[in-house]
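Reckoned from all heavy atoms, side chains included, excluding hydrogens, waters and symmetry mates.
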Amino acid sequence: MRPYNFKELEKKWSPIWESKNLYKTSDDPEKENFYCLDYFPYPSGAGLSVGHCRNYIPTDVICRMKRMDGFNVLHPMGWDAFGQPAEEYAIKTGVHPVEVTRVNTENYKRQMKLFEASYDWSREINSSSPEYYKWTQFFFLLLFDRGLAYQSDNFQMYCPSCKIVLSNEESAGGICWRCSTEVIKKRLPQWYFKITEYADRLVDQLDDLDWPENIKAMQRNWIGRSSGAEVVFTVDTEKSGVINLPVYTTRIDTIFGATFCVLAPEHSDLLKITTEEHRKNVEEYISASSAKTDLQRLVASEKGKTGVFTGAYALNPFNNEKIPVWTADYVLAGYGTAAIMAVPAHDQRDFDFAKKYDLPIIEVIAPDGIAQGVEEEATVADGQLLNSGEFSGLSSEESRNIMADFAEKNKFGKGETRYRIRDWLVSRQRYWGAPIPIIHCDKCGAVPERNLPVILPDVDSYQPDDSGRSPLAACEDWVNTTCPECGGAAKRETSTMAGFACSSWYFLRFASPHCDDAPFDMDEVKKWLPVDLYVGGAEHAVMHLIYARFWTKVMYDAGMLDFTEPFTCLKNQGMLISYDHQKMSKSKGNVITPDEMVVKYGADALRLYIIFMGPFEAEIEWSEEGLAGTFRFVKRVWNLFLETAVIEKQETDVEFEKELKYQLARTIKKVTSDMNGFQFNTGVAAMMEFLNFLSANRSKAASVADLWRKVQQDFLISLAPVAPFVTDELWHVLGFGDDSETIHTQKWPEWVEEDTVKDTVEIVVQIKGKIRGRISVPADASKEDIEKMALQLDKVQDHLKGSAPRRVIVVPGRLVNIIG
RNA sequence: GCCGGAGUGGCGGAAUGGCAGACGCGACGGACUCAAAAUCCGUUACCUGCAAAGGUGUGAGGGUUCAAGUCCCUCCUCCGGUACCA
């Protein structure tokens, strides 16, 4: 018998499928459309590891199934090609980033073809090509024109190692998202997108998305909507008269317990309210805090909060009490009003501060309104108000609305919603990105450059530095231009856009990747979008996924789209851990590549193993033994199917025929639902079980010759999306189609529902919940009959000792439970 | 701290409230072989027992139920996110 030789099959079939244009997006108006997208990768020099396969192979299986199931399938791939690594490589080697990108994308594509990912390569896109970034620039101007892009000269997060400014999202936790270096703050003029204007919609519209709960939670956390109130305290100063000191609180119910106010050291009115006597102290405190990073502040304050008194007193408008004003760096500059009312009785941080500096603690919330004392720690729970004037006796919850209304009526405050999310810092002083299409004119200000694309010029040096100047600034011929509005001399913006701008709309481009008079063809977008299935790693939760949602909503507002959410269903594949229990990384030398595994076991076995290794979302450790297992499975399919390729028809074994029909129907049913439901591991297990059954009964093949052939056909077709090579070869060898055909365009098999039910079923007989026996009964037996048969069992009789059972529970098709 | 998720054999993992451990890996035994690899057949949760059989068992402890890995309560551990957000 011909041995299984995967190399031969791969060499044979890949070119055949390519010549048939098998993966080209079909556009049959009779069929439903299905858009399945993988996060487009950054093509790094390291190439793909088997970890990436956990993203690309499952979606590929789904797409192949959908094609067989009668869908038009859009399954594209492209390159998120702008970014630091190509630039860094270019600096090191002198090779132009365009060339670096070309080499890397070719390698990625070659690897994807190794495991036969069925992308429609005629739709390949590259975010660093002018045909693409022209439209990224177009969207910058769309945001600019809608008042959603602005320049500001603020403190930024800055990575001293990468020498780059970072958005808030890219510096979460105070460390750089790329290199994990602790970020510092730097004041530089930068461009921002007003994502904060969309905060409410970004939170509210999460609810209906079919996304993993943790990703939705992360976005909700990140946006951090909180409802509270702003209340204006006032400070009467000698020099500047009365200064308003608005504070933001989510606990206005505790305001009668405010015993001091705290301003962030960066607060703009801090020195104005500080008295002469305390000025030196305050100034010293400000400079000491500004020398620290946020992380250093946090670490220091865990040992004990610090702060200094300003000498000023603020008036609490609710009770007209004057309370001291302090500055302390546990109050953050960037949130709320950078000033708080401190309620030590009911906020742990304020409590710690009050204890340290011996400030008064007044209890104003207690269960049932009865003071219980606040000695060891703050009581943060809601309760009933006390010591709160006319509001005493109210519950925390009702008082929050009442007190906010009261403040509004008396014009010293109002209810207010605040968010943690900040505007998106989008400009980068970097070479390898899409130039921001703005011209700076002394007379006209920032003027949009409508003549797109603004081509990224060639420069002599890509090297970034700490100056806050882009490498493009050295390119004088390019920088110096004329103002499109007044015609006078002007300079181009030299910053480029962060890579996340490019990826905020790419999913739209795939619908019409070669459209050259618009970012996308509206009709094509209507056909395909929103994305039906989006798959990638969870690391994009509060970066790419939040930015892309934001841009989609902006486009919707601009009338360009008729939907507000780009990705209907999102799935995150689990991480693949290497054999040494660590993440795969080049520096650890533990990366396993699809290349070596395809050489050793073939693409079919690799594809099978990737989806069989465990649940799709779970973090799994790589096991080459596991891969060897799916390789054996493929070989067993090969051997069994060739062995029973030609069978002499014999007298029909009715009993076995029935059993085989049952096994076939139940397998096809399970594979269909498991694969579609992303339960690939159990879907493959069902195929394995079925093969085990066929193998054990191979000697009976001749007694069910016609059915056996149908089994072979359905088995191969339903395995084809996972193991394209071996199935197409066997399908042809067994004569199911001629050379003009391929298994991959066959219709997905159906099953006979009646066959999934057996005539007789085995029922477990329990006595008080413990299994004591089994009976075989007709599937349609009545409860009474089943009970009668169960009670006749010797074991049951022994237990009952002649008396009647107290209770008998019969679950048809499953069990009988007898309570004696 | 807060938010989200998860705890099941030697390992990866299966189980609409209804037979816990499917499938795979590994291990052990056997067949084939001069031998090995490959392949095929069998065994494989734990305890007692020669066996038949019996008992125990899904992170811990309670509860609901005829019946709980699954539902409820209290707690522990691990993973991911976030973190002085007032």
**Fill in**
Taking a pair to mean Watson-Crick or G-U wobble geometry with both distances below 3.5 Å, G21(B) pairs with none
**Request:** Pick base, sugar-phosphate or nothing for Ala628(A), based on heavy-atom distances below 4.0 Å to the nucleic acid.
**Result:** nothing
**Message:** Please name the nucleotide paired to G69(B) by Watson-Crick or G-U wobble geometry with both distances under 3.5 Å, or report none.
**Reply:** none
**Prompt:** Can you find a side chain N or O atom of Arg772(A) that sits less than 4.0 Å from OP1 or OP2 on G54(B)?
**Reply:** yes
**Asked** Hey, is the side chain of Asn817(A) poking within less than 4.0 Å of OP1 or OP2 on U65(B), counting only N and O atoms?
**Response** no
**Asked** What nucleotide, of G4(B), A86(B), C84(B), holds the atom closest to the side chain of Lys305(A)?
**Response** C84(B)
**Asked** Taking the same atom, C1', in G55(B) and in G62(B), what whole-Å distance lies between them?
**Response** 24 Å
**Asked** Using purine N1 to pyrimidine N3 plus N6-O4 or O6-N4 for Watson-Crick, or N1-O2 and O6-N3 for G-U wobble, both under 3.5 Å, which nucleotide pairs with G49(B)?
**Response** none
**Item:** Pairing nucleotide - U74(B), Watson-Crick or G-U, each distance under 3.5 Å
**Value:** A60(B)
**Asked** For Lys670(A), which contact category applies under a 4.0 Å heavy-atom criterion: base, sugar-phosphate, or nothing?
**Response** nothing
**Message:** Quick check on the 6.0 Å ring-centre criterion: do Tyr609(A) and Phe631(A) meet it?
**Reply:** no
**Aromatic ring proximity, centroids under 6.0 angstrom, Tyr285(A) and Trp326(A)** = no
**Request:** Look at the side chain of Arg420(A) and the base of U82(B), then say whether one donor and one acceptor between them are separated by less than 3.5 Å.
**Result:** no
**Prompt:** When rounded to the nearest Å, what value does the distance between P atoms of G13(B) and A67(B) take?
**Reply:** 32 Å
**Asked** Expressed in whole Å, how much space separates the P atoms belonging to G24(B) and G42(B)?
**Response** 12 Å
**Asked** In terms of the nearest nucleotide of RNA chain B, which residue is placed more toward the 5' end: Thr250(A) or Trp222(A)?
**Response** Trp222(A)
**Message:** Does Val331(A) reach a base, just sugar-phosphate, or nothing at all? Heavy atoms under 4.0 Å.
**Reply:** base
**Message:** Taking the P atom in each of G81(B) and C75(B), what is the distance between them to the nearest angstrom?
**Reply:** 26 Å
**Asked** Regarding Lys571(A) and the six-membered ring of Phe678(A), is the cationic atom NZ or CZ under 6.0 Å from the ring centre and inside 45° of its axis?
**Response** yes
**Message:** Is there a side-chain contact between Lys635(A) and the phosphate of U39(B), meaning an N or O under 4.0 Å from OP1 or OP2?
**Reply:** yes
**Prompt:** So, is Asn681(A) close to the A14(B) phosphate, meaning a side-chain N or O under 4.0 Å from OP1 or OP2?
**Reply:** yes
**Asked** What integer distance in Å separates Lys768(A):NZ from G55(B):P?
**Response** 12 Å
**Prompt:** Between Lys305(A) and Tyr330(A), is NZ or CZ placed under 6.0 angstrom from the six-membered ring centre and within 45° of the ring axis?
**Reply:** yes
**Message:** Under 4.0 Å, counting only non-hydrogen atoms across every strand here, what does Asp350(A) touch: a base, just sugar-phosphate, or nothing?
**Reply:** nothing
**Request:** Quick one: label Gly334(A) by what it contacts on the DNA or RNA (base, sugar-phosphate, nothing), any heavy atom closer than 4.0 Å.
**Result:** nothing
**Message:** Taking the cut-offs as 6.0 angstrom to the six-membered ring centre and 45 degrees off its axis, would you call Arg418(A) and Tyr248(A) a cation-pi pair?
**Reply:** yes
**Prompt:** Considering only heavy atoms and no angle criterion, is a donor-acceptor pair shorter than 3.5 Å present between the side chain of Arg774(A) and the base of C19(B)?
**Reply:** yes
**Message:** Pairing check on G9(B): which nucleotide meets the Watson-Crick or G-U wobble criteria with it, both distances under 3.5 Å?
**Reply:** none
**Asked** Quick check: does any side chain N or O of Arg422(A) sit under 3.5 Å from a backbone N or O of Arg420(A), one acting as donor and the other as acceptor?
**Response** yes
**Fill in**
To the nearest angstrom, the CD-C1' distance between Glu213(A) and C2(B) comes to 16 Å
**Complete:** Scanning all shown strands, the Watson-Crick or wobble mate of C32(B) with both distances under 3.5 Å is none
**Request:** Check every strand shown and say whether Leu815(A) touches a base, only sugar-phosphate, or nothing at a heavy-atom separation below 4.0 Å.
**Result:** base
**Prompt:** Is there a side-chain polar atom (N or O) of Arg636(A) under 4.0 Å from OP1 or OP2 of C40(B)?
**Reply:** yes
**Nucleotide paired to U44(B) in any strand shown, Watson-Crick or G-U, under 3.5 Å** = G26(B)
**Message:** Please determine whether a side-chain nitrogen or oxygen atom of Arg632(A) lies at a distance below 4.0 Å from atom OP1 or OP2 of C25(B).
**Reply:** yes
**Request:** Check every strand shown and say whether Glu619(A) touches a base, only sugar-phosphate, or nothing at a heavy-atom separation below 4.0 Å.
**Result:** sugar-phosphate
**Sugar-phosphate, base or nothing in reach of Ala685(A), heavy atoms under 4.0 Å** = base
**Request:** Respond yes when some side-chain nitrogen or oxygen of Ser226(A) is under 4.0 Å from OP1 or OP2 of A86(B), and no when none is.
**Result:** yes
**Item:** Any donor-acceptor N/O pair, Arg400(A) side chain to Gly228(A) backbone, under 3.5 Å
**Value:** no
**Message:** Students often get this wrong, so: under 4.0 angstrom with heavy atoms, is Gly629(A) touching a base, only sugar-phosphate, or nothing?
**Reply:** sugar-phosphate
**Prompt:** Which part of the nucleic acid, if any, lies within reach of Pro615(A) when heavy atoms closer than 4.0 Å are counted: base, sugar-phosphate only, or nothing?
**Reply:** sugar-phosphate
**Contact under 4.0 Å: Arg251(A) side-chain N or O vs A86(B) OP1/OP2** = no
**Asked** Which value, in whole Å, describes the distance between the P atoms of nucleotides G30(B) and A36(B)?
**Response** 12 Å
**Message:** Quick check on A86(B): is either OP1 or OP2 less than 4.0 Å from any side-chain nitrogen or oxygen of Tyr330(A)?
**Reply:** no
**Prompt:** How would you label the contact of Ile809(A) with the nucleic acid (heavy atoms, under 4.0 Å): base, sugar-phosphate, or nothing?
**Reply:** base
**Prompt:** Say you pick atom P in A51(B) and the same atom in U58(B); how far apart are they, in whole Å?
**Reply:** 26 Å
**Request:** Would you mind reading off the distance between Glu621(A) atom CD and C79(B) atom C1', rounded to a whole angstrom?
**Result:** 14 Å
**Prompt:** Which whole number of Å gives the distance between the P atom of U8(B) and that of C79(B)?
**Reply:** 14 Å
**Asked** Which label fits G29(B), syn or anti, where anti is any glycosidic angle not within 90° of 0?
**Response** anti
**Asked** Just one of Phe690(A), Tyr662(A), Phe715(A) clears the side chain to side chain contact (heavy atoms under 4.5 Å, CB included) bar with Thr667(A), so which one?
**Response** Phe690(A)
**Item:** Trp638(A) and Phe633(A) aromatic centres sub-6.0 Å
**Value:** no
**Request:** Mind checking Ile620(A) for me? I need base, sugar-phosphate or nothing, with any heavy atom below 4.0 Å counting as a touch.
**Result:** sugar-phosphate
